[in-house]
Amino acid sequence: MICLAYAGLFFPIGISNATLIALLIFCIVKIKPREVLISIQENDLSKLFIVIYFLQIIGLLYTTDLSYGLFTLEKKITFLLIPIFVLPLLQKVEANTSTILGWFGIVTLASSAVLLAIAAVKWFAFNDQQAFYYEEIIIIHYVYYSIYFACGSLLLIDFVFDSWSKSKNGIAGICLLFAYSFLVLVIVASKTGIGAFCIASILLLYKRLPSKRIFAISILFFLLTAVLLFYFNSNIRDRFTEMNKNMSFLLKDDFRGSEVYVTDLTMRLIFWKISITQLWHDNLFVFGLGTGDAQEYMNAVYSLPQYQMNSYVNWDSHNEWVFTLIQLGFIGVLALAVLYGKYLIAAFRRNDLKFLYFLLVTGAFSMTESILESNKGIVFFVLLFTVFATTYRREKTLL
């Protein structure tokens with residue numbers, strides 16, 4: 001049922017919600033209320049997610065857009081439901097989380113194979129020149145697919161690494177998995193996904209390979225693969241080469257008289273700068289504006305006379321930390337930081353590489369996208385966090 005809920009994420013929202021509801025109903029039927037209460041007492045993850053959701057409820061008390069605040073609570077209800085009902089059942093049956101995560105990896109790579117096959121048919125049979133374009137090949141938003149794929153491919157590689165690395169054919173298979181995973185991320189054209197995958201892959205190879213010499217050879221193979229894929233794919237190459245253009249806008253406090261043309265990177269940096277600066281100026285840094293007002297506030301900031309960025313109205317902050325700061329202030333950011341920090345320390349001490357890959361990938365994307373403001377991001381984040389935390393009951397490591 002958990003794998004089914006994960007697979008549902010690769011489909012439109014209706015199917016995703018249906019598979020998640022099926023999982024929750026299954027868990028509710030299988031556990032007793034007393035077991036739920038005991039699980040909350042024994043698991044810091046449940047307590048932290050309850051705190052984060054409770055802050056969203058508190059934010060309703062001072063928001064001006066109550067209807068959107070209630071909609072936000074509806075979207076984020078999985079912050080409560082998955083840890084409260086799925087986690088106790090996982091621990092009750094002593095689920096093999098390594099196997100579950102391995103199946104997550106298989107589902108992830110299977111989804112990419114299907115998408116590439118469909119794109120190939122469009123290319124060769126219908127002469128569709130845009131078949132492999134990153135906004136055409138994915139049926140869900142490419143950012144969320146990039147998160148799923150970067151994390152899922154790493155989980156699969158880690159899952160098969162020990163058994164495959166014992167033979168030459170297995171080693172060749174691992175190399176192909178790395179190359180294929182990198183290829184898919186290049187086609188999807190996610191700069192953050194490529195960066196996070198590369199860093200996590202280096203961590204995987206460093207921890208799993210028996211000698212520095214083999215590690216160096218592996219990194220060389222990795223770099224050559226990257227160079228070749230970048231050379232033959234102009235979409236992603238252009239997205240990287242243009243990143244440092246128009247950085248001078250970051251030094252300006254007034255855009256009047258200037259044509260605001262920005263790249264993906266400078267756009268994000270400008271969003272963060274002007275949002276945080278205005279938030280501080282308005283004395284809203286501690287508690288934010290409330291659960292429903294973050295986007296309206298950013299729209300108002302974009303429309304200020306000194307910025308005149310009206311074309312960006314309704315664009316979010318492209319940073320989960322900045323969005324949370326605007327919405328719930330420093331208190332909300334602190335709660336999210338405690339969640340990440342606690343389990344990052346715990347996973348590092350346990351040498352839990354799979355958990356570290358997940359935290360690295362989602363942490364990287366949280367810096368470039370508001371990943372917890374969309375159903376696709378919320379369910380993925382909470383579901384995988386819950387599976388990883390299954391063996392962390394009564395974990396005493398505190399931030």
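Look at Glu136 and Lys122 and you find no salt bridge, because none of the NZ, NE, NH1 or NH2 atoms lies under 4.0 Å from a carboxylate O. The existence of a salt bridge linking Arg268 and Glu369 is confirmed by a sub-4.0 Å separation between a basic side-chain nitrogen and an acidic carboxylate oxygen.
For the pair Asp316 (side chain) and His318 (backbone), a donor-acceptor distance under 3.5 Å is present. Remark: side-chain polar atoms of Glu42 are not paired, donor with acceptor, to backbone N or O of Ser39 under 3.5 angstrom. Proximity of a side-chain donor or acceptor of Ser275 to a complementary backbone N or O of Trp272 within less than 3.5 Å is not detected. Checked by atom type and distance alone, the side chain of Ser211 pairs as donor or acceptor with a backbone atom of Ile214 at under 3.5 Å. Lys92 places no side-chain N or O within donor-acceptor distance of the main-chain N or O of Ile31, the cut-off being under 3.5 Å. Checked by atom type and distance alone, the side chain of Trp321 never pairs as donor or acceptor with a backbone atom of Val333 at under 3.5 Å. Side-chain atoms of Thr390 come within 3.5 Å of backbone atoms of Val387 as a donor-acceptor pair (strictly under, hydrogens ignored).
The local environment of CZ in Phe287 is sparse, with at most 12 non-hydrogen atoms from other residues, nucleotides or ligands closer than 6.0 Å. The environment of OH in Tyr206 is sparse: at most 12 heavy-atom neighbours from other residues, nucleotides or ligands sit within 6.0 Å. For Lys47, the NZ atom sits in a packed shell: over 12 heavy atoms of surrounding residues, nucleotides or ligands are nearer than 6.0 Å.
Taking the six-membered ring where tryptophan is involved, the planes of Phe271 and Tyr302 are tilted, since the angle between them lies from 30° to 60°. Ring orientation note: the planes of Phe385 and Tyr343 are nearly perpendicular, at an angle over 60° on the 30°/60° scale. Using cut-offs of 30° and 60° for the angle between ring planes, the Phe355 and Phe358 rings count as tilted.
In this structure, Leu20 and Val379 approach most closely via the heavy-atom pair CD2-CG2, 3.9 Å. Nearest heavy atoms, Ser181 versus Ile157: OG-CD1, 4.2 Å.
Contact of the Asn299 side chain with the Tyr312 side chain is not registered, since no non-hydrogen atoms from C-beta on lie closer than 4.5 Å.
Residue Phe380 is tested with Tyr144, Tyr145, Phe149, Tyr148 for a ring pair (Phe, Tyr, Trp, His ring centres under 6.0 Å); the sole match is Tyr148. Tested against Tyr6 for a ring pair (Phe, Tyr, Trp, His ring centres under 6.0 Å), the candidates Phe104, Phe11, Trp103 yield a single pass: Phe104.
At least one test fails for Arg208 against the ring of Phe215: distance under 6.0 Å to the centre or angle within 45° of the axis.
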